[in-house]
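To find a chain, count down the sequence lines: A is the first, B the second, and so on, and within it residues start at 1. Values reported hereafter were calculated over all heavy atoms of this structure, with side chains retained and with hydrogens, waters and symmetry mates removed.
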There are 2 protein chains.
Amino acid sequence: MVNHYEDNLNDIFHALADSTRREMVQMMAERERTVSELAEPFDMSLAGISKHLKVLERANLVERSINGRTHICRLNTESLSQATKWLQFYERFWNNRFDLLESELMKAKKNEN
Amino acid sequence: MVNHYEDNLNDIFHALADSTRREMVQMMAERERTVSELAEPFDMSLAGISKHLKVLERANLVERSINGRTHICRLNTESLSQATKWLQFYERFWNNRFDLLESELMKAKKNEN
DNA sequence: TTTATATTTAACTAAATGGTTGAATATAAA
DNA sequence: TTTATATTCAACCATTTAGTTAAATATAAA
């Protein structure tokens, strides 16, 4: 059994583990962007940006539509919320743990009196 | 200016971009674990697990206390919620976009009549 | 039809990653 | 004091990554 869900999470987290790519995501969060727009803020070759874009696409974080000679890139919510869901699931555990700790502390405090 | 926040996000997302490490996180979410406990489900050398653990520690996702010859590993909420916050911030943008789209569709529907 | 623009592809490189094995360290148990 | 257990460290290896430059492709503009 191949686990596509796991593969996808690998790709998503990997894609987000790079400052340049996260900045690109930020830019696309504001609005759609062409490849050269995405490249503009960075001191990096267009080929370099093109590669980063591919990593984001592999993770399904970005979709592209080709309009003449310019490519228009936009974010895809689906993958992002997959990652968020994973994180939030485990945060819940911690928060429960903390709630537990807190209630223990409250008990302890009561017994002080 | 060095950006520690960005570095940290790189480390966190990188740490989470590996199935083995995510499973280790899951285990520690349930309760504290020793290194050998963490290693048990995997078909991998202890040295391998030890390295994965280091990656999680570098990301501040895990803290370790040494108790005799066994090391006890537990999760650190802080880093996880840093990642969650980053993700949620950008999800907000998308959701706003979707709300906008939705209201446009409503308008269009009205004009149909 | 020629030239300029937008982008990708290919080939290359240095560094990082994910794994291994074998030896080292430190502590606990016999 | 010897032996067993828990863990890390060091050295190594194959693969992936993040970047480069130069050439290729495709479209738009002169």
Task: Straight-line distance of Lys85(A) NZ to Tyr90(A) OH, nearest 0.5 Å - done: 14.5 Å
TODO: Would you mind reading off the distance between Phe13(B) atom CZ and dT17(C) atom P, rounded to a whole angstrom?
DONE: 16 Å
- [ ] Please identify each residue that fulfils side-chain contact (heavy atoms from CB on, under 4.5 Å) with Ser36(B), with sequence neighbours left out.
- [x] Thr34(B)
Open item on the list: I'd like to check the side-chain contact (heavy atoms from CB on, under 4.5 Å) partners of Asn67(B); sequence neighbours left out, ordered by chain and number.
Closed with: Thr70(B), Ile72(B)
Task: Residues which pass salt bridge (charged side-chain N to carboxylate O under 4.0 Å, His left out) with Arg69(B), listed by chain and number, not counting sequence neighbours - done: none
- [ ] Return the value, rounded to whole Å, for the distance between atom NZ of Lys54(B) and atom C1' of dT7(D).
- [x] 11 Å
Task: Distance, nearest 0.5 Å, that separates CG of Asn8(B) from CZ of Arg58(B) - done: 11.0 Å
Task: salt bridge (charged side-chain N to carboxylate O under 4.0 Å, His left out) against Glu57(A), all qualifying residues, sequence neighbours excluded - done: Arg64(A)
Please list each protein N or O that sits under 3.5 Å from an N or O in nucleotides 13-20 of chain D, with the distance.
| residue | atom | partner | partner atom | Å |
| --- | --- | --- | --- | --- |
| dA18(D) | OP1 | Arg21(A) | NH2 | 3.2 |
| dA18(D) | OP2 | Arg21(A) | NH1 | 3.1 |
| dG19(D) | OP2 | His52(A) | NE2 | 2.2 |
| dG19(D) | N7 | Lys51(A) | NZ | 2.9 |
| dG19(D) | O6 | Lys51(A) | NZ | 2.1 |
| dT20(D) | OP2 | Ser45(A) | N | 3.1 |
| dT20(D) | OP2 | Ser45(A) | OG | 2.8 |

- [ ] Kindly write out the residues that satisfy side-chain contact (heavy atoms from CB on, under 4.5 Å) with Ala83(B), not counting sequence neighbours, or none if the list is empty.
- [x] Leu87(A), Ile12(B), Phe13(B)
Task: Rounded distance in Å - CZ (Phe42(B)) to C1' (dG18(C)) - done: 14 Å
Task: Test salt bridge (charged side-chain N to carboxylate O under 4.0 Å, His left out) applied to Glu37(B) - qualifying residues, sequence neighbours left out - done: Arg31(B)
Task: Rounded interatomic separation in angstrom, taking NE2 from His71(A) and C1' from dA26(D) - done: 8 Å
TODO: Specify the separation, in whole Å, of atom CD1 of Ile72(B) and atom P of dT27(C).
DONE: 14 Å
Task: Pairs meeting criterion salt bridge (Lys or Arg N to Asp or Glu O under 4.0 Å) with involvement of residues 15-25 of chain A, two or more places apart - done: Arg22(A)-Glu6(B)
Open item on the list: Using only atom types and a distance under 3.5 Å, with no angle test, would you say the side chain of Asn76(A) pairs donor to acceptor with the backbone of Asn60(A)?
Closed with: yes
- [ ] Grab the CG-P distance between Leu38(A) and dA6(C) for me, whole Å please.
- [x] 14 Å
Task: Counterpart residues, side chain to side chain donor-acceptor pair (under 3.5 Å), relative to Glu63(A) (two or more places apart) - done: none
- [ ] Can you tell me which stems involve DNA chain D, if a stem is defined as three or more consecutive Watson-Crick or G-U wobble pairs, both distances under 3.5 Å?
- [x] C:1-30 with D:1-30
Which protein N or O atoms sit under 3.5 Å from an N or O of nucleotides 2-5 of chain C?
| residue | atom | partner | partner atom | Å |
| --- | --- | --- | --- | --- |
| dT5(C) | O4' | Arg69(A) | NH1 | 3.2 |
| dT5(C) | O2 | Arg69(A) | NH1 | 3.1 |

TODO: Can you tell me the distance, in whole Å, between the CD1 atom of Ile66(B) and the C1' atom of dA26(C)?
DONE: 10 Å
